[in-house]
**Student:** 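Sharing a structure here in structure tokens format.
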Protein chains: 2
Amino acid sequence: MNEVKTEGMRERTRRIVRTELTQVAQDLFVKNGYEATTVDQIAAAAGLSRRTFFRYFASKEDLLIGKYDLLEERMVESLKARPLDEPLWDSLRRIFDIGVNYFSNTERAEAIENTVRSSPALYARYLERFSRLQASLAETVCQRSNYAPDSPEPRAIVGAAFACLTAAQEAWYKSNKTKDLATLLDEAMASLRIQSG
Amino acid sequence: MNEVKTEGMRERTRRIVRTELTQVAQDLFVKNGYEATTVDQIAAAAGLSRRTFFRYFASKEDLLIGKYDLLEERMVESLKARPLDEPLWDSLRRIFDIGVNYFSNTERAEAIENTVRSSPALYARYLERFSRLQASLAETVCQRSNYAPDSPEPRAIVGAAFACLTAAQEAWYKSNKTKDLATLLDEAMASLRIQSG
DNA sequence: GTCAATATCGACACCAAGTGTCAAATATGG
DNA sequence: CCATATTTGACACTTGGTGTCGATATTGAC
């Protein structure tokens, strides 16, 4: 009991500081831009030293990109929960509902997505994060089905699905969110016909 | 005549220094690793100052990532040269021959690809470069066909094709290049069936 | 060949992102 | 309350990248 409480204490304060830090940082990013905001400014605004900032986040980029760790967990879990006889393309469409909800519900998520797209260097890390996410999902696909472990197909199909998600998201932004993201995604994913289950 | 010669002089010496720099740098990358090699070391090995290095390349990453500018030009040109009535998926497969030849012919290209994959930060820039390349091609597709300019389809299809290329390349590396890259790409692209022309 | 305009280079100073270290402060468990 | 482990801040340092400025070639015209 004691152990749980003290462990929880440490963990909790750490989580609180982390969210406070992202909060403060995101405000600065929106006000002054991502590149123009220094880690010193973020640390000062949150009332701690720069060195301590780097004990909470490995890098300035990690402040925002780290958010997608949760998305990966949830998507992988969601994929594992899909019935094995469901066509893979349909399974992927279903687990993208997580992303669709994340993007279209939260107004905070939109601010982050805007910030990420405002800096090529940050966007690059974003793409790398999603590349790893795709690798995770492809790996899960391999474990669940009987693809050869060295077959390019799982990676290709998962990557193609993400291309649809990205394309739909971009079209959604371009329409100033007048269109429905889920519909755009359906449209994009329907334009590719998957052969294998 | 004079103008052409003098202009050519400047341009040529610049090109020579650039290739010399990439040569020297790549050797250092292979020997000591990308991250462990500093710009000072590269500049010293090439016999010029660090400041001058940054007059030839905007960044250390640009040394390698800049190589793909030529790939983009050639792919866009190649796409424009495809017949308009050819199915888009087939056109994309054809222009990927440029990439296939680049990857599988040159032994220098392989060393660069290995270096790029050795550093997450560098690989992130690589992905961002290819993201822009895909945007270029999708834009070209829009101009050549009658897709609505805000439709997600061109981006989705181009992105899906690149997912196949990436997956094939990865499978190729995993097989230690015993399999044929072009065949792997055919295999990957055949597992997605495209509906629209 | 000489000379003025121009581009290039090196040296120096500077900024921002990270990282290692160590001593002080603070929380934890008994 | 006390011994111990953790967190923190201060400091110094490395690396990538940029602005500036005087010295040094290069170029084009005469």
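Basis for what follows: all heavy atoms, side chains included, without hydrogens, waters or symmetry-related copies. Proteins get letters first, then strands, A, B, ... in listed order; numbering begins at 1 in each.
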**Student:** Can you check the B:Glu11 CD to D:dT26 P distance for me, whole Å?
**Tutor:** 17 Å

**Student:** Under 3.5 Å, which protein N or O atoms sit close to an N or O of nucleotides 24-26 of chain C? Give each pair with its distance.
**Tutor:**
none

**Student:** Answer yes or no: is there an ion pair linking B:Asp40 with B:Arg50, defined by an N-O contact shorter than 4.0 Å?
**Tutor:** yes

**Student:** Under 4.0 Å from OP1 or OP2 of D:dT8: is there any side-chain N or O of A:Ser49 that close?
**Tutor:** no

**Student:** Give the rounded distance in Å between these two atoms: CZ of A:Phe57 and P of D:dT8.
**Tutor:**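 After rounding, the gap between these two atoms is 13 Å.
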
**Student:** Check the distance between C:dG18's P and A:Ile42's CD1 and give it to me in whole angstrom.
**Tutor:** 10 Å

**Student:** Does the pair B:Lys177/B:Glu110 count as a salt bridge with the N-to-O cut at 4.0 Å?
**Tutor:** yes

**Student:** Please report, rounded to the nearest Å, how far the P atom of D:dT18 is from the CG atom of B:Asp62.
**Tutor:**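 Computing the B:Asp62:CG to D:dT18:P distance gives 11 Å.
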
**Student:** When the ring planes of B:Phe57 and B:Phe53 are compared, do they come out parallel, tilted or perpendicular, using 30° and 60° as the limits?
**Tutor:** tilted

**Student:** Roughly how many Å is it from CZ in B:Arg14 to P in C:dT8, rounded to a whole number?
**Tutor:** 7 Å

**Student:** Could you list the residues that satisfy salt bridge (Lys or Arg N to Asp or Glu O under 4.0 Å) with B:Arg155, not counting sequence neighbours?
**Tutor:**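 Scan of B:Arg155 (salt bridge (Lys or Arg N to Asp or Glu O under 4.0 Å), adjacent residues dropped) gives A:Glu170.
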
**Student:** How many Å lie between CD1 on A:Ile16 and P on C:dA27, as a whole number?
**Tutor:**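 Roughly 14 Å, once rounded to whole Å.
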
**Student:** Establish whether the base of D:dG19 is bridged to the side chain of B:Arg51 by a donor-acceptor pair shorter than 3.5 Å.
**Tutor:** yes

**Student:** If you assign B:Arg55 and A:Arg55 each to the DNA chain C nucleotide with the nearest heavy atom, which residue ends up on the more 5' nucleotide?
**Tutor:** B:Arg55

**Student:** Distance check: side-chain N/O of A:Tyr56 vs OP1/OP2 of D:dT8, anything under 4.0 Å?
**Tutor:** yes

**Student:** Could you grab the distance from atom CG of A:Asp97 to atom CE of A:Met75, nearest 0.5 Å is fine?
**Tutor:** 9.5 Å

**Student:** Taking atom CG of B:Leu28 and atom OG1 of B:Thr115, what is their separation to the nearest 0.5 Å?
**Tutor:** 11.0 Å

**Student:** Is any NZ, NE, NH1 or NH2 atom of the basic residue among B:Asp90 and B:Arg82 found under 4.0 Å from an Asp or Glu carboxylate oxygen of the other?
**Tutor:**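 No, B:Asp90 and B:Arg82 are not salt-bridged.
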
**Student:** When you check the gap from the basic side-chain N to the acidic O, do B:Glu128 and A:Arg125 get nearer than 4.0 Å?
**Tutor:** no

**Student:** Salt-bridged, B:Arg129 to B:Glu72, with N to O below 4.0 Å?
**Tutor:**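 Looking at B:Glu72 together with B:Arg129, the answer is yes, because their closest N to O distance falls below 4.0 Å.
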
**Student:** Grab the N/O contacts between the protein and nucleotides 13-16 of chain D below 3.5 Å, and write none if there aren't any.
**Tutor:**
unit_1, atom_1, unit_2, atom_2, d
D:dG16, OP1, B:Lys60, NZ, 3.1
D:dG16, OP2, B:Val39, N, 3.1

